[in-house]
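Counting starts at 1 for both ligands and their atoms, in listed order.
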Amino acid sequence: MSRTADLRSDTVTKPTPEMYRAMADAELGDNVLETDPTVGRLESLAAEMTGMEAALFMPSGTMGNQCALATHTNPGDSVIFEDQAHMIWYEGGGPAIFSGVITRGLPTRDGTITPQQLSETVLTRSEHTPGTTLVCLENSHNRHGGAVTTVSQPAALKEAADEAGIRVHLDGARMFNASAALGVDIKEITGLVDTANFCLSKGLASPIGSLLCGPSDFITEAAFWRKRLGGGMRQAGILAACGIVSLTQMVERLTEDHERTQALSGHVAGLPGIDPVDAPTNILVMNTVRTAEEWMNELEKHGVRTLPFDKHRLRAVLHKDIGDAELKTALEGFSKSAEALA
Ligand SMILES: *Cc1c(COP(=O)(O)O)cnc(C)c1O
């Protein structure tokens, strides 16, 4: 039987053998009544790696981001996002529901807001105007094809935010992909924001979980929001055990996914009717002449699973369960599909 290549998302990864062992051996407690010891170890590790004072284990990236937003803001505040941000596109309208904030999406070419754009958009609270209190960044940027913001850009942005007196939250669902692509320690990215949330359940291959990182008093308040939103999980150490494996064993290998993404991108560039955009990390976005849905359906016949982003944009994501054999399946599937759709 031929292999399949599931490129719908890096969330489809299955736990590693080490993760199954870690789950079986995890020391557990009730993480609502007290700190589950394994959750505690994961949170300490995350805080240490990101250089933040504290970290909080979250059931999902969405909850981590929305708890961060609710903790940073008051209802009626104005919050700045990049126009294509996951937090406004894919989190169920959470900013309106849980935080009651006004969202302002700034259009960019590459997912990176400039300091000038920020300064021009910040509103000072007055009798008439809702004040801006927060800007949310995304790195790597999902809807911009895994685009990476260089370290100097957020440094300038943080300066502009400090000057305007607003805080900076990073939706860093794939921030370890960004640091791998830039070849810098993760602290160089997290050092330029006030708070950051990253996913264990994407390229880092854990089944479930995210970590919200930030100052201790912020994390204490965010824990209240987590509970309020129903995110208090009891023997969560069974999941945190996988997260520890993610942070200790799965970070270094992310460059492998980036290399295979390049291989796929190079191959697709040579095919008619489909045009890959620059892919610095593990997300390959392709502009298609026929609809993205037609491509998805055709690819599926050849064992390759993808997802449409928009009517003429298809997304493929690489991850640890796409080795060389699966990559070969993907390359062949794209070739055959290009022929069929010509
Ligand atoms: C996946 C993702 C999230 C949310 O993570 P979930 O765990 O799926 O809720 C947030 N931001 C970005 C950029 C993502 O890609």
request  = Please write down residue, atom name and distance for the protein heavy atom closest to atom 9 (O) of ligand 1.
outcome  = T62 OG1, 2.6 Å
query = What part of A173, side chain from CB on, backbone N/CA/C/O, both or neither, has a heavy atom under 4.0 Å from ligand 1?
reply = side chain
query = Between E298 and K301, is there a salt bridge with N-O shorter than 4.0 Å?
reply = yes
inquiry  = Going by the closest heavy atom to atom 13 (C) of ligand 1, which one wins out of E138, R143, M87?
reply    = E138
task = Please say whether N142 places an N or O atom under 3.5 Å from an N or O atom belonging to ligand 1.
result = no
inquiry  = Is the terminal nitrogen or CZ of R290 (NZ for Lys, CZ for Arg) located under 6.0 angstrom from the six-membered ring centre of W295 and within 45° of that ring's axis?
reply    = no
key: Residue portion contacting ligand 1 (non-hydrogen atoms closer than 4.0 Å) for D171   = side chain
inquiry  = One residue to check: K202. Relative to ligand 1, which of side chain, backbone, both or neither has a non-hydrogen atom less than 4.0 Å away?
reply    = side chain
ask   = CE/M87 to OG/S99 distance, rounded to the nearest 0.5 angstrom?
value = 7.5 Å
ask   = Which of the atoms of ligand 1 are close to S60, meaning less than 4.0 Å from one of its heavy atoms?
value = 7 (O), 9 (O)
note = For E91, the atoms of ligand 1 under 4.0 Å from one of its heavy atoms are 10 (C)
task = Determine whether the side chain, the backbone, both or neither of N197 has a heavy atom under 4.0 Å from any heavy atom of ligand 1.
result = neither
ask   = Considering only the protein, which heavy-atom contact is closest to atom 10 (C) of ligand 1, and what is its distance?
value = H86 ND1, 3.2 Å
ask   = Just heavy atoms, cut-off under 4.0 Å: does M63 contact ligand 1 by side chain, backbone, both, or neither?
value = neither
Salt bridge (Lys or Arg N to Asp or Glu O under 4.0 Å), paired with D10, selected from R260, K320, R174 = R174
task = Using distance alone, determine whether S201 and ligand 1 share an N or O pair under 3.5 Å.
result = no
ask   = Is the gap between the ring centers of F334 and H302 under 6.0 Å?
value = no
query = Do other residues, nucleotides or ligands put more than 12 heavy atoms under 6.0 Å from K187 NZ?
reply = yes
remark   = Taking every heavy atom of M52 against every heavy atom of T190, the minimum-distance pair comes out as CE-O, 3.5 Å
query = If you measure from each non-hydrogen atom of H141 to ligand 1, which part falls under 4.0 Å: side chain, backbone, both or neither?
reply = neither
task = Test salt bridge (charged side-chain N to carboxylate O under 4.0 Å, His left out) on D194 and R167 and set out the steps.
result = CA-CA 6 Å; D194 295 297; R167 285 181 300 273; 5.8 Å; no
ask   = Can you name the nearest heavy-atom pair linking I113 to L118, along with the distance?
value = CG2-N, 4.2 Å
key: Atoms of ligand 1 close to G61 [distance to a heavy atom under 4.0 angstrom, numbered from 1]   = 4 (C), 5 (O), 6 (P), 7 (O), 9 (O)
